[in-house]
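Remember, it's 1-based here, ligands and their atoms both numbered in the order they're listed.
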Amino acid sequence: MENYTINTKCVQAGYRPGNGEPRQIPIVQSTTFKYDTSEDMGKLFDLEASGYFYTRLQNPTNDYVAAKIAALEGGTAAMLTSSGQAANFFALFNICECGSHIVASSSIYGGTFNLIAVTMAKMGIEVTFVSPTASEEELNAAFKDNTRAVFGETIANPALTVLDIEKFAKAAHSHGVPLIVDNTFPTPVNCRPIEWGADIVTHSTTKYMDGHGAAVGGVIVDSGKFDWMAHADKFPGLCTPDDSYHGITYAEKFGKEGAFITKATAQLMRDFGSIQSPQNAFILNLGLESLHVRMPRHVENGQAVAEFLEKHPKVVKVNYSGLKSDPYYELGQKYLPNGGCGVVSFELKGGRDAAQKFMKGLRLAAIETHVADARTCCLNPATSTHRQMSDEQLAQAGIPAGLVRMSCGLEDKKDLIADIENALNQI
Ligand SMILES: *Cc1c(COP(=O)(O)O)cnc(C)c1O
């Protein structure tokens with residue numbers, strides 16, 4: 001598969017049926033797997049042989065789909081998780097422990113912000129948030145002796161900032177730690193962070209990868225490039241023997257290419273059990289088969305809607321890195337030459353009243369706590385996800401009361417713009 005383009009990999013990577021085997025990936029709807037001897041099974045428990053014994057850790061359906069996503073991102077290994085939240089938690093917790101420190105972009109998904117700032121803080125893991133536009137100097141100043149990872153989102157949900165991946169990777173590597181990038185919004189069709197220096201890539205597959213609003217899920221992809229043993233003092237979990245597997249040292253036994261995902265499976269899936277169901281993995285794969293066809297259409301619609309809104313007198317401001325007026329246009333041109341995604345956010349004159357009237361007036365676009373779906377949907381953070389905040393607090397957080405986040409689906413852009421125009425007339 002390696003020599004094919006990403007378009008072909010979306011359709012066929014990860015699963016190559018043999019003679020007479022099913023054309024579509026089989027859903028292995030089984031919790032467990034049968035063995036002839038306990039010696040055979042013992043080898044699996046010791047990580048001496050690869051194979052399946054219990055679906056809380058691994059399942060063949062999941063592995064076909066994970067292998068496809070690894071191929072799309074240009075990684076060496078991947079694992080599916082039950083949600084995007086689980087993916088980001090596992091990616092960080094696989095190398096952080098009580099007493100560790102994380103450097104993270106402040107412009108990230110609210111759920112991930114809370115995971116790092118509140119829940120992981122309770123585990124004794126500290127964080128320093130940095131602006132996505134931080135200078136090299138500011139970035140370097142955020143590191144401490146106990147820093148173990150740097151985290152950011154290629155295109156942040158919902159701020160739509162674009163991460164300078166090369167700059168963040170350089171800072172991470174000069175401090176001997178990996179860069180983890182959540183690549184949910186662009187998907188590997190529009191950006192492959194590993195090509196720009198990221199070491200680990202995560203996704204909420206719930207979004208464009210599934211793309212039909214059908215199955216919650218996540219994935220972690222390892223680039224296989226980070227040299228854990230060269231920084232063994234920082235990563236004892238990967239570089240010293242694991243007593244629960246007869247003293248295996250992951251980075252020695254599985255190398256740079258396999259250590260990270262093997263440890264996440266053997267320890268984190270074993271203990272936290274956040275695996276994706278094989279049924280959901282099958283649905284995810286149906287989405288992946290058309291990802292390369294859908295993403296250009298999401299971008300086309302997002303760009304058209306952003307350009308229309310920018311010219312409208314009732315709109316104060318539009319955030320979309322495909323617009324020349326956007327502060328992230330230059331970074332977008334570098335990292336997202338084919339466009340980013342279909343999510344656009346804009347501020348209406350007249351605050352939350354105007355936003356509520358506008359959203360009531362929409363016929364095609366639905367009000368949903370979701371993005372990156374075939375059907376266009378939108379949300380006013382001030383009256384939904386951020387409704388506990390006052391206007392002042394909202395302004396401080398950079399979320400004006402009149403802000404609407406619109407995720408442009410796969411409908412015809414003419415119909416979408418007509419729907420938006422009609423709703424704007426109702427304000
Ligand atoms: C939605 C989202 C998540 C969380 O994913 P779930 O599948 O909802 O758990 C994480 N990161 C980003 C960028 C997201 O958009």
Side-chain angles (χ1 to χ4, degrees), residues 62 65-66 69 73 78-93 102 104-120 129 132 149 151-163 165 168 179-188 190-191 193 198 200-221 268 272-277 280-281 283-284 287-288 291 295 298 302 319 321 328 335-336 340-345 368-373 377-379 381 384-386 399 405-409:
N62 292 32
V65 183
I69 298 173
E73 287 287 6
M79 72 196 286
L80 300 188
T81 57
S82 56
S83 66
Q85 285 300 109
N88 283 326
F89 174 57
F90 278 23
L92 289 164
F93 199 64
I102 295 164
S105 164
S106 58
S107 188
I108 53 175
Y109 177 66
T112 313
F113 189 92
N114 202 73
L115 167 70
I116 298 174
V118 180
T119 302
M120 291 182 76
F129 286 108
F151 183 89
E153 289 177 12
T154 315
I155 302 177
N157 176 11
L160 304 179
T161 55
V162 179
L163 189 74
I165 302 173
F168 273 65
L179 172 66
I180 303 174
V181 173
D182 181 332
N183 194 37
T184 297
F185 270 18
T187 82
N190 284 337
C191 180
I200 310 288
V201 173
T202 60
H203 286 270
S204 165
T205 62
T206 317
K207 313 294 165 51
Y208 287 115
M209 281 193 168
D210 165 11
H212 300 78
V216 172
V219 67
I220 307 171
V221 183
L268 303 184
F272 292 105
S274 309
I275 197 145
Q276 190 166 130
S277 77
N280 277 8
I283 293 169
L284 167 58
L288 292 171
L291 187 64
M295 286 313 292
H298 282 293
N319 304 309
S321 66
Y328 294 90
Y335 293 108
L336 309 157
C341 63
V343 186
V344 179
S345 73
E368 287 170 30
T369 317
H370 193 44
V371 285
D373 182 345
C377 58
C378 66
L379 186 92
S384 58
T385 48
H386 295 66
I399 305 168
R405 180 186 72 188
M406 181 164 279
S407 167
C408 299

Are there any protein N or O atoms under 3.5 Å from the N or O atoms of ligand 1? List them with distances, or say none.
from	atom 1	to	atom 2	distance (Å)
ligand 1	5 (O)	Ser204	OG	3.0
ligand 1	7 (O)	Gly84	N	2.9
ligand 1	7 (O)	Ser204	OG	2.8
ligand 1	7 (O)	Thr206	OG1	2.6
ligand 1	9 (O)	Gly84	N	3.1
ligand 1	9 (O)	Gln85	N	2.9
ligand 1	11 (N)	Asp182	OD2	2.7
ligand 1	15 (O)	Asn157	ND2	2.9
ligand 1	15 (O)	Lys207	NZ	2.7

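- Note that CD of Glu153 is 5.5 Å distant from OG1 of Thr112, once rounded to the nearest 0.5 Å.
- Inter-residue side-chain proximity for Tyr328 and Ile155 is flagged as unmet; no heavy-atom pair is nearer than 4.5 Å.
- For residues 79-91, the side chain to side chain donor-acceptor pair (under 3.5 Å) pairs, not counting sequence neighbours, are Asn88-Asp182, Asn88-Thr202.
- For the pair His370/Thr206, a side-chain contact is recorded, criterion being any heavy-atom separation below 4.5 Å from C-beta on.
- Side-chain contact between Ser321 and Leu160 is absent, with no heavy atoms from C-beta onward closer than 4.5 Å.
- Looking at Val65 and Gln276, their side chains never come closer than 4.5 Å, going by heavy atoms from C-beta outward.
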